[in-house]
Amino acid sequence: MSFAQAVSLTRIVPWSQSLLAEILETGDLAVDLTVGAGRDTLFLWQQVAPSGSVVAFDVQKAALVRTRLLLQSEGAPVFLHADKGPGGFAEPGVHLIHDSHAHWLQYDIGSPRAVIANLGYLPGGDRSVMTQPDSTLEALGGALTLLQEQGRLAVVGYPGHDGGHEEIEAVGSLLSGLGPEKWQGLHLRAVNCPQAPLLWVAEKKAA
Ligand code: SAH
């Protein structure tokens with residue numbers, strides 16, 4: 001059974017992962033802009049391990065602590081960066097950064113092969129700490145700048161979350177405005193469930 005057949009058709013997170021798995025290889029650099037429960041961080045690490053690195057951001061310390069345990073239980077080397085310290089992001093492993101993704105260009109990370117952002121709030125966590133349109137746009141703009149050629153950005157948005165609609169409008173307008181000479185853009189949604197999560201994937205074309 002193929003990966004796509006093994007999951008429910010309209011579940012969006014497996015689609016986002018599947019579309020990044022197509023381009024990620026061992027040794028690559030990948031970025032997770034919203035660590036949350038750490039599932040995407042773990043997924044990215046599984047694609048780039050053991051010689052690659054994943055750099056992942058969250059404003060909630062609890063999300064990073066939980067994800068560190070998850071990654072360590074999977075045998076990943078994990079580095080917790082509390083501030084803009086010395087960097088060393090090329091060191092193979094998972095680098096967890098306690099900062100807003102709006103600041104991610106201030107870290108000298110390099111050009112990632114893949115970037116993922118799973119927006120909204122952490123289920124079972126503090127719902128007041130949710131992604132916001134302005135910082136999301138700043139972070140995604142950074143991703144579009146830094147992505148390698150033929151690299152992909154995947155964004156999952158949640159119309160059902162409070163304030164989610166405004167954020168989705170902002171993301172949709174950013175990505176639908178990408179020039180087709182430089183970008184391929186894909187948008188996936190469940191056509192008959194307006195509250196279901198949405199996916200955008202943008203791929204930077206080779207020059
Ligand atoms: N909505 C998804 C999970 C999203 S988790 C689901 O339902 O599965 C989103 C994560 O983004 C949360 O852990 C939250 O702390 C984090 N976050 C919110 N604003 C952020 C910011 N500016 N920078 C980095 N992380 C942020």
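Remember, it's 1-based here, ligands and their atoms both numbered in the order they're listed. Keep in mind that what you see is a predicted model, and the values were worked out from it rather than measured.
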Can you report which non-hydrogen protein atom sits closest to [atom], along with the distance?
atom	result
atom 13 (O) of ligand 1	Asp58 OD2, 2.7 Å
atom 22 (N) of ligand 1	Ser100 OG, 3.0 Å
atom 26 (C) of ligand 1	Val59 CG2, 3.6 Å
atom 6 (C) of ligand 1	Tyr158 OH, 3.3 Å

Students often mix this up, so state it plainly: with edges at 30° and 60°, are the rings of His95 and Phe89 parallel, tilted or perpendicular?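 Because their plane-to-plane angle is over 60°, the rings of His95 and Phe89 count as perpendicular.
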Using the ring of each side chain (for Trp, its six-membered ring), is His161 parallel, tilted or perpendicular to Tyr158, with breaks at 30° and 60°?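 Correct class here is parallel.
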For ligand 1, which atoms, with element, lie under 4.0 Å from some heavy atom of [X]?
X	result
Leu33	24 (C), 25 (N)
Gly36	5 (S), 13 (O)
Thr34	10 (C), 11 (O)
His161	1 (N)
Val129	14 (C), 15 (O)
Gln60	12 (C), 13 (O), 14 (C), 15 (O)
Gly120	9 (C)

Pick one: which of Thr34, Asp58, Asp32 meets side-chain contact (heavy atoms from CB on, under 4.5 Å) with His101?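 Going through the options one by one, the only one that passes is Thr34.
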Among Val54, Leu122, Leu64, find the one that has a side-chain contact (heavy atoms from CB on, under 4.5 Å) with Val35.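 That would be Leu64.
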So Lys204 and Glu149, salt bridge (Lys or Arg N to Asp or Glu O under 4.0 Å) or not? Walk me through it. CA-CA 5 Å; Lys204 193 182 267 190; Glu149 287 180 357; over 6 Å; no
With backbone taken as N, CA, C and O and side chain as the heavy atoms from C-beta onward, which portion of Arg39 lies under 4.0 Å from ligand 1: side chain, backbone, both, or neither?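 It is the side chain that gets close, since no backbone atom is under 4.0 Å.
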Using a heavy-atom cut-off of under 4.0 Å, does the side chain or the backbone of Tyr121 touch ligand 1, or both, or neither?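 Just the backbone.
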Assess whether atom CD of Glu166 is packed by more than 12 heavy atoms of other residues, nucleotides or ligands within 6.0 Å.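 Incorrect, the count does not exceed 12.
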Within a radius of less than 6.0 Å around NE2 of His165, do more than 12 heavy atoms belonging to other residues, nucleotides or ligands occur?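 Count not over threshold, so no.
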Hey, is [X] one of the residues with a heavy atom under 4.0 angstrom from ligand 1?
X	result
Val35	no
Pro123	yes
Gln132	no

Flag yes if [X] and [Y] sit in one hydrophobic cluster, no otherwise; membership is Ile, Leu, Val, Met, Phe, Trp, Tyr, and two members link when side-chain heavy atoms are under 4.5 Å apart.
X	Y	value
Leu71	Leu20	yes
Trp45	Leu29	no
Leu137	Met130	no
Leu147	Ile23	no

With nothing but distance in play, are any N or O atoms of His101 less than 3.5 Å from an N or O of ligand 1?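 There is such a contact, yes.
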Does an N or O anywhere in Leu119 fall below 3.5 Å from an N or O of ligand 1?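 Yes, since at least one N or O of Leu119 sits under 3.5 Å from an N or O of ligand 1.
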